[in-house]
Every structure is written in structure tokens, then in C-alpha cells.
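Chain A is the first sequence line, chain B the second, and so forth, proteins listed ahead of strands; every chain is numbered from 1.
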Amino acid sequence: MTGDFQPKSDFLRVLIERGFIHQCSDFAGVDEKALAGGLTAYIGFDCTATSLHVGSMLPIMMLRWLQKTGGKPIALMGGGTTRVGDPSGKDEARKLLSVEQIEANKDGIRQVFDKFLTFGDGPSDAIMIDNADWLTKLNYIDFLRDVGRHFSVNRMMSMDSVKMRLERDQELSFIEFNYMCLQAYDFVEINRRYGCTLQMGGSDQWGNIVTGIDLGRRMGAPQLYALTAPLLTTSSGAKMGKTASGAVWLNADMLSPYGYWQFWRNCEDGDVGRFLKLFTELPLDEVNRLGGLDGAELNEAKKILANEATALLHGRAAAESAAETARKTFEEGVLADDLPSVALPASEAIGMGVLSAFVRAGLVASTGEARRQIKGGGLRLNDAPVTDEKAALTAADFKDGVAKLSLGKKKHVLLRIE
RNA sequence: GGGGGAAUGUCCCGAGCGGCAAAGGGGGCGGACUGUAAAUCCGCUGGCUAAGCCUUCGUAGGUUCGAGUCCUACUUCCCCCA
């Protein structure tokens with residue numbers, strides 16, 4: 001943790017105050033670099049899915065603060081390392097992804113960064129790089145001679161990610177064992193190419209990052225530094241990022257701004273203050289005031305959290321629209337126009353059985369599930385509980401061509417006649 | 001190379017004398033209570049044209065009226081010996 005360290009640089013001060021820091025290899029060293037100006041830092045992002053999810057917001061915000069405090073952020077796409085697969089925190093070997101899949105994922109992930117960082121050629125402009133650029137060109141024998149000889153297997157065996165696998169008698173394949181070597185090499189290579197001296201990441205990356213620092217020292221690079229963020233869990237201990245409909249994706253085509261807004265709005269009471277610090281840029285005294293609210297008043301703070309977090313990712317307009325949709329839906333009980341919707345031709349919609357209607361709306365996965373939800377009182381059509389599973393939609397159910405289907409109290413989908 | 005063990009509901013863990021849509025738990029979803037929170041309690045958690053039908057226990061065959069359960073081969077994983 002941060003101990004009694006008193007930072008002089010804006011960069012470290014902000015990160016410490018807002019709770020971004022779990023471990024740092026050398027606070028004074030990083031502070032000095034940041035103070036001198038021109039601190040360049042990078043964070044690597046795996047390309048294992050077509051979109052990042054909320055879990056990645058923490059590192060992204062760190063890059064953003066770095067830029068705001070005068071540093072130069074580098075977003076590293078793991079186009080090369082994803083082909084190998086990071087065993088950290090995994091108790092089972094990850095399936096290898098195809099190269100095409102990785103490239104497609106990379107394209108999806110890229111989109112997000114424009115919203116948080118300013119890219120360009122200036123001294124504190126962000127850049128995006130891909131480690132496939134150098135990793136895929138490595139020659140095995142050269143790599144072993146130039147880089148591999150600096151790695152101590154003895155040390156690697158003592159790292160948590162490796163030790164865990166060994167202790168549990170779970171296989172750790174050679175390719176995975178190499179992951180940390182590649183990530184370590186990345187750090188040295190990025191330092192050589194861009195003068196980057198700091199690598200940041202989640203706390204599970206500590207071992208990999210420190211291995212890079214070590215390699216840098218042995219290969220004659222300047223002093224490198226590590227800075228990690230805490231692993232985010234909700235106050236009841238659950239891993240963050242999962243919700244009703246799966247992961248909380250950052251790309252709008254995978255989770256609507258409204259859905260993203262709802263995610264923050266529904267967070268647990270105990271998380272509000274912490275999340276405001278991490279995921280919004282509200283001044284700290286404001287955050288402290290909001291986080292200190294009691295009971296039902298805290299709901300106002302949750303709305304602000306949702307507004308601010310959504311505005312950062314999807315823009316102010318989308319955030320306001322989501323807030324308005326939520327207000328109409330939950331506070332007025334009025335039908336809000338831009339709830340998620342599904343369009344159907346009239347011929348199909350009128351006379352459609354309720355069961356299939358809910359399946360079409362995507363609220364349930366099968367008619368069987370729809371039947372069960374009806375038994376449990378979980379389905380509503382235009383806010384009236386559905387009781388008869390044989391009922392069919394009639395023209396009267398579509399006011400102005402729109403019928404509102406709900407699952408539970410929170411999930412609503414509009415069925416539109418096109 | 002030799003010997004021994006394992007694979008179960010496509011979220012996970014995990015029971016299962018030849019009659020099984022298959023115990024139990026976690027997770028998830030829904031209901032009640034609330035504040036769109038947490039905690040608690042209750043229900044649900046293979047598919048369908050649904051009192052019926054269909055598909056499921058690593059893969060492929062076999063024995064049997066009947067196989068998750070027995071036999072054979074194969075695949076993958078683990079353990080012990082070399």
C-alpha cells in the first residue's frame with residue numbers, strides 16, 4: 001500500500017487520493033519522474049474478447065489521469081501476447097484463440113480508447129501500439145540468446161501464478177510459462193522504443209511487471225517502475241463486471257448506454273464512494289459528500305455515479321438520455337421511448353402468443369422459461385402481470401404501435417410494430 | 001513403456017445398488033420485503049406444437065424389456081512405477 005508516502009507530483013497524488021494504487025515498486029522514483037515531467041507509462045490489454053468490460057475501466061482511468069497530469073499514456077494491444085495466453089489468475093489453461101479472432105477483437109477494443117485519451121504526436125498525446133509488431137518477428141534462437149538467458153527459472157517458479165498451478169498439480173504448459181517472458185520483454189522493448197519507464201496494470205499483473213523491471217536491469221535499460229491497481233470487487237465480495245445479462249461491456253453495440261447506466265445505478269451502497277472516486281472525475285470533496293449520504297439519499301449519489309460514468313464512456317448526451325429513460329420508467333412508471341426495443345411486422349405481432357413474444361424480445365431464452373416466469377409472476381405486459389400462458393397479443397396491446405414487455409421490475413423491452 | 005483412477009444436467013462444484021429428466025450446493029433468474037441497494041424468506045434453474053413427445057451423463061459400439069450405472073474399443077486428464 002501507499003504507507004506514509006507524501007507525493008509531490010500531481011500524478012501520484014491523484015492516484016493515491018482516488019484509491020487507484022495497490023502496489024508500487026518505488027513511490028519516490030515514480031514521483032520524481034512524474035514531477036520532472038514527461039512520464040510515459042503503458043498498460044497492456046488482452047485481446048480475448050471483442051470488447052473490454054468494466055473491469056478494464058480502472059486501468060483506462062489510470063491512463064486518463066496520467067494524461068491529465070501531464071504524462072504520456074501508451075495503450076498496448078496484446079496482439080502478440082494474446083496468442084500465447086496469460087496464465088495469471090487462471091487455474092486452467094486458456095484455450096488458444098485463432099489469429100483472426102484476435103485481430104477482430106483488437107479492432108473492437110480499440111474503439112473505446114478514443115473516448116478516454118487524446119491521441120496524437122504531441123509530447124503528452126496518447127499512442128496505441130501492438131506488441132504483435134515486435135513479438136511476431138522474434139527469432140527463437142536470437143531471443144533465447146539475447147533475452148532468455150536473463151530469466152531465472154528459479155525465480156519464475158516462485159511466482160504466485162506458477163506456484164499455484166504447481167501446488168495444485170495442474171498443468172502449466174510451456175507456452176504459458178513463456179507468457180511472462182514476453183510481457184517482460186515488452187516492457188524493455190517499449191522502453192527502448194518510446195522511453196517508457198512505468199508499467200501499470202491490475203494487481204494480478206504485479207509478477208509479470210516486476211519480471212520486466214528485472215529484465216530491464218539485466219539488459220541495461222534505465223530503471224523501470226511498476227504500479228498496480230487493486231483488484232476490484234463489490235463490497236459484498238463478488239467480482240465486478242458481471243451482471244444479469246452477462247458481462248458489462250464497454251462497446252455500445254454489446255451493451256447499450258442505458259444498460260451501462262443501469263449497471264452503475266444498481267451498485268451496492270457500500271461501493272458508491274469508492275466508485276465515484278475511481279470511475280468519475282468529480283472533485284474529491286464532492287465525492288466525499290455524496291458517499292457520505294445515508295440510506296435512500298444515497299440513491300441520488302448512485303444516479304450521479306451512473307451519469308458521470310456513462311458520460312465518460314458514451315458521452316454526456318447518451319448519459320442524460322439514459323437517465324431520463326430510467327426516470328420515466330422507474331419513477332413515473334411511464335413508458336419511456338428509448339428503452340431497448342425489438343421491431344416486428346404487424347402481421348407477425350398481432351396474434352402472437354405471449355410466450356413467443358417474450359422470447360422474441362430476448363427477455364427469456366425459451367418458451368419453457370417464459371412459462372416458469374409466468375408461474376412465478378415475473379412477466380408483465382404493459383405493466384399488467386401475465387397470468388395466462390396461452391394468451392395472445394392483440395392490437396389493443398400495442399398503444400401507438402408499442403407494447404411493453406417486462407421481466408421482473410428492472411428489465412423492459414418494447415415490442416414495436418414496424 | 002507398465003499399473004491404477006477419473007470424465008455427470010453445455011455456468012461451476014458434485015451425488016448417483018440397472019427403472020433417471022438424474023440428490024445436494026454455489027451461481028443465476030423470479031416473487032415477498034425495500035430505496036432500481038444489502039440482508040432475509042419463498043419459488044424456479046433440459047427443449048417442444050406440453051396431462052403427451054423429444055434430447056441429455058467424454059466418443060463409438062455391445063449386453064438387456066430397460067444403461068449415467070454392466071462389457072469392449074477410442075479420446076482426454078490425473079496418480080504411481082520405469
Take atom [atom1] of [X] and atom [atom2] of [N], then tell me their distance rounded to the nearest Å.
| X | N | atom1 | atom2 | value |
| --- | --- | --- | --- | --- |
| F275(A) | A37(B) | CZ | P | 15 Å |
| D271(A) | A38(B) | CG | P | 10 Å |
| Y258(A) | U36(B) | OH | P | 12 Å |
| L305(A) | U36(B) | CG | P | 16 Å |
| N266(A) | U34(B) | CG | P | 18 Å |
| N299(A) | U34(B) | CG | C1' | 10 Å |
| K410(A) | G28(B) | NZ | P | 12 Å |
| E389(A) | G47(B) | CD | P | 14 Å |

Taking RNA chain B as the partner, which of residues 346-379 of chain A come within under 4.0 angstrom of it by heavy atom?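 Result for residues 346-379 of chain A: S366(A), T367(A), G368(A), R371(A), R372(A), Q373(A), G376(A), G377(A), G378(A), sorted by number.
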Residue that, paired with F151(A), satisfies side chain to side chain contact (heavy atoms under 4.5 Å, CB included) out of L144(A), D214(A), T211(A): T211(A)
The side chain to side chain contact (heavy atoms under 4.5 Å, CB included) partner of L305(A) among L276(A), L282(A), D271(A) is L276(A)
Does D388(A) CG have over 12 foreign heavy atoms under 6.0 Å away?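 More than 12 within 6.0 Å, yes.
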Evaluate whether atom NZ of K8(A) has more than 12 neighbouring non-hydrogen atoms of other residues, nucleotides or ligands under 6.0 angstrom away. no
Rounded [atom1] spacing from [N] to [M] in Å:
| N | M | atom1 | answer |
| --- | --- | --- | --- |
| G19(B) | U34(B) | C1' | 48 Å |
| G58(B) | U64(B) | C1' | 23 Å |
| G68(B) | U55(B) | C1' | 15 Å |
| A7(B) | U59(B) | P | 13 Å |
| C12(B) | U75(B) | P | 25 Å |
| G31(B) | G14(B) | P | 32 Å |
| G4(B) | C74(B) | P | 15 Å |
| C11(B) | G28(B) | C1' | 8 Å |

Determine if the base of C20(B) is syn or anti; take syn to mean the glycosidic torsion is within 90° of 0.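 What C20(B) shows is a syn base, its glycosidic angle lying within 90° of 0.
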Considering heavy-atom distances to RNA chain B, does R380(A) or D294(A) have its closest nucleotide positioned more toward the 5' end?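 Nearest-nucleotide comparison on RNA chain B picks R380(A).
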Watson-Crick or G-U wobble partner of [N], both distances under 3.5 Å:
| N | value |
| --- | --- |
| C74(B) | G58(B) |
| G18(B) | none |
| G43(B) | C29(B) |
| U10(B) | none |
| U49(B) | none |
| U64(B) | none |

Do NZ/NE/NH1/NH2 and the carboxylate oxygens of E308(A) and R316(A) come within less than 4.0 Å? yes
Pair E369(A) + R372(A), salt bridge at N-O below 4.0 Å: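 Salt bridge between E369(A) and R372(A), a charged N being under 4.0 Å from a carboxylate O: no.
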Can you tell me which nucleotide in U36(B), U34(B), A37(B) comes closest to the side chain of K409(A)? U34(B)
Check every atom of A38(B), G35(B), G30(B) against the side chain of L298(A) and return the nucleotide holding the closest atom.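 Minimum distance to the L298(A) side chain belongs to G35(B).
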Can you check side chain to side chain donor-acceptor pair (under 3.5 Å) on Q199(A) and Q205(A), steps first, answer last? CA-CA 10 Å; Q199(A) 182 182 176; Q205(A) 294 299 312; over 6 Å; no
Compute whether any side-chain donor of one residue and acceptor of the other, for W134(A) and D186(A), lie under 3.5 angstrom apart.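 D186(A) and W134(A) do have a side-chain donor-acceptor pair below 3.5 Å.
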Verify whether the ring centers belonging to Y194(A) and Y42(A) lie closer than 6.0 Å.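 Not under 6.0 Å, so no.
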